[in-house]
Structures are given as structure tokens and as C-alpha cells.
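Index from 1, following the sequence.
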Amino acid sequence: MSTNYQRHFGDPLRVAETLSSAGICWGTLTVEIPCGEPCDECPMHDGEKCDGSVEKWLEWLESEASDAD
């Protein structure tokens, strides 16, 4: 039997799918960009709008964490 964590977040792809389908804002998730603030520094921002695609979430999840974390 699997745990809820394994079911919903078993690997980076599954996490990316869950976050993308839930429409979760990266700034809200990480508390790095307060709601309503400009999104230019957000890794999900493509220069025009938020791109919360599975691919974009997966790219961020698999990137190196910054030392500021």
C-alpha cells in the first residue's frame, strides 16, 4: 500500500503534474513573491504571463536550489 505522499508526490514528474493541475502559484508556494507583487523574478514567468505547465514545474523542481533557501 502506498502513502499519500507517494500517491501525490512520488517523484518530480508527479509533483510537477500535481502543482500544475492545482494551479499553484510558485511565489505563493515558496513565499518568495508575495501575492500581487510583480512576477518578473518568478521562474514560471515567461516574460508575458505565468507558465505553470508540467514542463516548467519539472524544470524548476530539478534545478539546483539557491543558497538563500
Side-chain angles (χ1 to χ4, degrees):
M1 176 158 42
S2 66
T3 65
N4 281 317
Y5 179 86
Q6 290 168 320
R7 180 172 172 230
H8 295 287
F9 306 109
D11 59 48
L13 178 58
R14 183 67 182 123
V15 174
E17 290 169 345
T18 301
L19 292 170
S20 179
S21 67
I24 294 179
C25 172
W26 178 88
T28 301
L29 176 72
T30 62
V31 193
E32 292 192 35
I33 301 174
C35 190
E37 293 293 316
C39 297
D40 298 338
E41 300 300 315
C42 176
M44 302 295 142
H45 195 265
D46 69 4
E48 295 180 24
K49 62 181 176 18
C50 181
D51 175 6
S53 66
V54 172
E55 294 79 14
K56 200 73 167 169
W57 274 111
L58 189 57
E59 179 184 314
W60 178 74
L61 287 166
E62 293 181 333
S63 66
E64 283 192 35
S66 69
D67 290 338
D69 293 345

Side-chain donor/acceptor of Ser21 to backbone N/O of Glu17, under 3.5 Å: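 Yes.
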
Which atom names give the shortest non-hydrogen contact between [X] and [Y], and what distance separates them?
X     : Y     : result
Trp60 : Pro43 : CD1-CG, 3.6 Å
Ser20 : Val54 : OG-N, 3.5 Å
Leu58 : Ala16 : N-CB, 3.6 Å

Do the non-hydrogen side-chain atoms of [X] and [Y] ever get within less than 4.5 Å of each other?
X     : Y     : value
Leu13 : Trp57 : no
Phe9  : Arg14 : no
Trp26 : Glu32 : yes

With rounding to the nearest 0.5 angstrom, report the [atom1] to [atom2] distance, [X] to [Y].
X     : Y     : atom1 : atom2 : value
Cys39 : Met44 : SG    : CE    : 11.5 Å
Thr18 : Ile24 : OG1   : CD1   : 8.5 Å
Leu19 : Ser53 : CG    : OG    : 11.5 Å

Residues, nucleotides or ligands: over 12 heavy atoms within 6.0 Å of Gln6 CD: yes

Steps toward side-chain contact (heavy atoms from CB on, under 4.5 Å) verdict (Asp51, His45): CA-CA 6 Å; Asp51 175 6; His45 195 265; over 6 Å; no

